[in-house]
Amino acid sequence: MGGHILVDQLVHQGVEHVFCVPGESYLAVLDGLHENTIAVTVCRQEGGAAMMAEAWGKLHGTPGICMVTRGPGASNAMAGVHIAHQDSTPMILFVGQIARSMRDRDAFQEMNYRMVFGDQAKWVTEIDQIERIPELVSRAFHVATSGRPGPVVVALPEDMLTEMAVVADALPWTQIDSAPLPNQLDTLGTLLAGARKPLAILGGSRWDAAASKQFADFAKRVHLPVAVQFRRQMLFPTGHPSYAGDVGLGCNPKLLAAVREADLVLLVGGRMSESPSQGYTLFPIPGPRAGQTLVHVHPDANELNRVYHSQLALNASPIALSQALGTHDIPASEERSDWRKALRDHYLTWSDPAPIRTPGKLQMAAVIDHLNTALPDDAILCNGAGNYATWLHRFYRFGGWGTQLAPTSGSMGYGLPAAVAAKRIYPDRTVVCLAGDGCFLMHGQEFATAVQYDLPIVVLVIDNSMYGTIRMHQEMHYPGRPSATALRNPDFAAYAEAFGGHGEHVRTTDAFVPALERALASGKPAILHCHLDPQAITPSATLDGLREQARQQAAS
Ligand SMILES: Cc1ncc(C[n+]2csc(CCOP(=O)(O)OP(=O)(O)O)c2C)c(N)n1
């Protein structure tokens, strides 16, 4: 039967886990999952399921698998498909589809997936012939993982799934790779040898633990300072003497100045999109800047010289590049060790929570600093979008590969589903989610999934009773005229208890320390409802201060 063939092919392609919300449109696939080696996480909403699959792809490098029903299920799943697209994450979304004979009648929950996902997915297909399941499933894996990884959508007509056939397996998928040529490495070596103020900026996907370590070893050997792009802190250990910080939102001004001053920028894996590029202002377009050499390394040839023209464009995956840097003879230079140290010192000063004081009894910088001491190095930190994440990005010392799940796409609601996926994948690791009061309730129902699978994650809901980021922008651009940003919140500790988890309120910095300890020791999914003064909108600004500043600017 088609549904069973599909599941067999997934097993054959190495799939270990499926995140789904069931639907009558793909009952035959669900039946195939009944007795199988594939673990299933059944979720409460397809957006959460798709985000969990995306989180799998981010941590593993293999496609996260999500299954949803047609029409409304597929629409909900778009939230995760968009993240996989913007974050370059391999993911495959299987969608139950109406029967082939009913097409184009606007049948119950009918959608044209090629049109709906056309702009967001790398490839959209519909399997019309049962015999083609092995071929098209194999292609889905190859498209999702090759070049710049991304989401693939596969629609499964209901009547095809119940047909019978005998089919041969496709070969298991393999990673299609691209590596730098020896002469390109020679050129890179020459450029680096001549650089006095070089800076590497890491981003994108197609990294793994070995590549991250190889690049770290290389950076140490050649005295190369290394920054990471927005929400890519897990690519490089923050404790490394070369680590210079993240080029993202609310970036250290001294790091931005260093990017502009660098005589060589080695951009590895990332696209330097809107957030890291500070709204496409950090580098001239098409560039490069006078006196600055740009080397761009990307696994997808289409991303090279797309926005930024580089003197050396290397079509290579970060994995292949890092491996090659470990073996190719690229000379070290002591002359730039002062430059490296200066950038490191700027990072250490910027990320020091000690001098930060904000209004209210709960000090977020100190809270994050406590996470630095209380959590193990391999803890996985998850978040969505909102100003609350700024504290984490700036003050948390990420431990390296596999310790961060955060959407470069800026999607609210991501942290909780990502934390559920992380704990499903790594039950022995500590998983902590930070969410704003707005962010949490976008996918707060997945707390039930954490309870269902006994996943003792800890969620810090940072409650400032508003969509704070937007309120901040309102005060900056339309001072004193807040609109549609106030929130009246539930009792999130009671919410946790009602779902079967552990819940507590935290109102002071001192109270946070034992509350976190109790949450971690509870053995249950836990929520710490952290009450933050609304004035504490960033580490350095208050809402009143921003409003006053905007009024003065308007008056001058
Ligand atoms: C899905 C989604 N919807 C809307 C936005 C726009 N947006 C960005 S931040 C934000 C407010 C976040 O509020 P909250 O989670 O409470 O965090 P805070 O900014 O208050 O710390 C909004 C609405 C978004 N990024 N993603």
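Note that the numbering runs from 1 along the sequence shown for the chain. The structure displayed is predicted, hence computed values, not measured ones. Computation of the quantities below employed the complete heavy-atom set of this structure, encompassing side-chain atoms and omitting hydrogens, waters and symmetry-equivalent molecules.
- Of all heavy-atom pairs spanning Gln120 and His82, the tightest one is OE1-CD2, 3.2 Å.
- Of the options Ile457, Leu460, Val458, Val461, a side chain to side chain contact (heavy atoms under 4.5 Å, CB included) to Ile527 is made by Val461 and by none of the others.
- In this structure, His502 NE2 and Arg518 CZ are separated by 6.5 Å, a value rounded to the nearest 0.5 Å.
- With hydrogens and angles disregarded, no donor-acceptor distance shorter than 3.5 Å links the side chain of Thr449 to the backbone of Cys43.
- Here the side chains of Val431 and Tyr426 are not in contact, with every heavy-atom distance at 4.5 Å or above.
- His240 places a side-chain N or O within donor-acceptor distance of the main-chain N or O of Ala216, the cut-off being under 3.5 Å.
- A donor atom on one side chain and an acceptor atom on the other are not found under 3.5 Å apart for His296 and Asn305.
- Ion pair Arg429/Asp378 flagged as a salt bridge, since at least one NZ, NE, NH1 or NH2 atom sits closer than 4.0 Å to an Asp/Glu carboxylate oxygen.
- Of the options Arg148, Arg271, Arg206, a salt bridge (charged side-chain N to carboxylate O under 4.0 Å, His left out) to Glu303 is made by Arg148 and by none of the others.
- Distance alone, capped at 3.5 Å, is enough to place a donor-acceptor pair between the Asp87 side chain and the Ser409 backbone.
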Exercise for the section: Go through the steps for Phe395 and Ile356 under the test side-chain contact (heavy atoms from CB on, under 4.5 Å), then give the verdict. Expected result: CA-CA 10 Å; Phe395 299 111; Ile356 308 291; 3.7 Å; yes
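- The two residues Ala385 and Gly410 have their closest heavy-atom pair at CB-O, 3.3 Å.
- Atom CG of residue Leu371 and atom CG of residue Leu516 lie 6.0 Å apart, to the nearest 0.5 angstrom.
- Side chains of Gln278 and Val247 form a contact here, defined as non-hydrogen atoms less than 4.5 Å apart.
- Although no hydrogens or angles enter the test, the distance criterion places no donor-acceptor pair under 3.5 Å between the side chain of Ser212 and the main chain of Ala209.
- Considering Thr403, Thr238, Leu375 as possible partners of Tyr396, the one that fulfils the side chain to side chain contact (heavy atoms under 4.5 Å, CB included) test is Leu375.
- Side chain of Asn315 to main chain of Pro299: a donor-acceptor pair is present (N/O by atom type, distance under 3.5 Å, no hydrogens or angles).
- Checked by atom type, the side-chain pair Gln363/Thr358 shows a donor-acceptor distance below 3.5 Å.
- Proximity of a side-chain donor or acceptor of Ser242 to a complementary backbone N or O of Leu224 within less than 3.5 Å is detected.
- In the displayed structure, Glu517 atom CD is contacted under 6.0 Å by at most 12 heavy atoms of other residues, nucleotides or ligands.
- One N or O on the side chain of Thr390 and one on the backbone of Asn387 form a donor-acceptor pair closer than 3.5 Å.
- Of the inter-residue distances, the one linking Ile83 atom CD1 with Ser88 atom OG reads 13.0 Å to the nearest 0.5 angstrom.
- Summarising the geometry of Pro407 relative to Ser411, their closest heavy-atom pair is CG-O, 3.5 Å, with the distance given to 0.1 Å.
- Between Pro359 and Thr542 the shortest side-chain heavy-atom distance falls below 4.5 Å.
- A salt bridge links Asp345 and Lys341; the closest N-O separation between the charged side-chain nitrogens and carboxylate oxygens is under 4.0 Å.
- Closest non-hydrogen pair, Tyr388 versus Cys439, comes out as OH-SG, 3.2 Å.
- Side chains of Val226 and Leu235 form no contact here, defined as non-hydrogen atoms less than 4.5 Å apart.
- Rounding to the nearest 0.5 angstrom, the gap separating the CE atom in Met364 from the CD1 atom in Ile368 is 4.5 Å.
- For the pair Arg196 and Trp339, the cation-pi test (distance below 6.0 Å, angle within 45°) is failed.
- Judged by distance alone, the side chain of Asn372 and the main-chain N or O of Arg397 form a donor-acceptor pair under 3.5 Å.
- Atom CG of Leu266 sits about 6.0 Å away from atom CG of Leu188, to the nearest 0.5 Å.
- Atoms OG and NE2, from Ser310 and His298 in turn, are 12.0 Å apart once rounded to the nearest 0.5 Å.
- Scanning all heavy atoms of the two residues, the minimum distance from Trp350 to Pro253 falls at CZ3-CD, 3.7 Å.
- Summarising the geometry of Ala320 relative to Asp177, their closest heavy-atom pair is CB-OD2, 4.1 Å, with the distance given to 0.1 Å.
- Side-chain contact between Tyr308 and Pro284 is absent, with no heavy-atom pair separated by less than 4.5 Å.
- Side chain of Arg231 to backbone of Leu405: no donor-acceptor contact under 3.5 angstrom is found.
- Looking only at atom types and distance, the side chain of Thr62 has a donor-acceptor partner in the side chain of Trp56 under 3.5 Å away.
- Using modelled atom types and a 3.5 Å distance limit, the side chains of His473 and Glu475 yield no donor-acceptor pair.
- Between Met234 and Trp207, the closest side-chain pair of non-hydrogen atoms is not below 4.5 Å.
- Taking the ring axis of Tyr243 as reference, the NZ or CZ atom of Arg344 does not stay both within 45° of it and closer than 6.0 Å to the ring centre.
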Exercise for the section: Evaluate side-chain hydrogen bond (donor to acceptor under 3.5 Å, both in side chains) for Asn489 paired with His529, printing each intermediate quantity in order. Expected result: CA-CA 11 Å; Asn489 284 315; His529 184 160; 5.8 Å; no
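- Under the 4.5 Å side-chain criterion, counting only non-hydrogen atoms from C-beta, Leu392 is in contact with Leu381.
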Practice task
Would you please test Gln311 and Thr187 for side-chain contact (heavy atoms from CB on, under 4.5 Å) and show each step?
Solution key: CA-CA 10 Å; Gln311 284 94 337; Thr187 307; over 6 Å; no
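- Between the Glu446 side chain and the Ala418 main chain, no donor and acceptor come within less than 3.5 Å of each other.
- One side chain, Gln535 or Asp544, offers a donor N or O that lies under 3.5 Å from an acceptor on the other.
- The shortest distance between side-chain heavy atoms of Met91 and Pro63 does not fall below 4.5 Å.
- Just one of Ile462, Asp463, Val459 meets the side chain to side chain contact (heavy atoms under 4.5 Å, CB included) condition when paired with Phe440; it is Val459.
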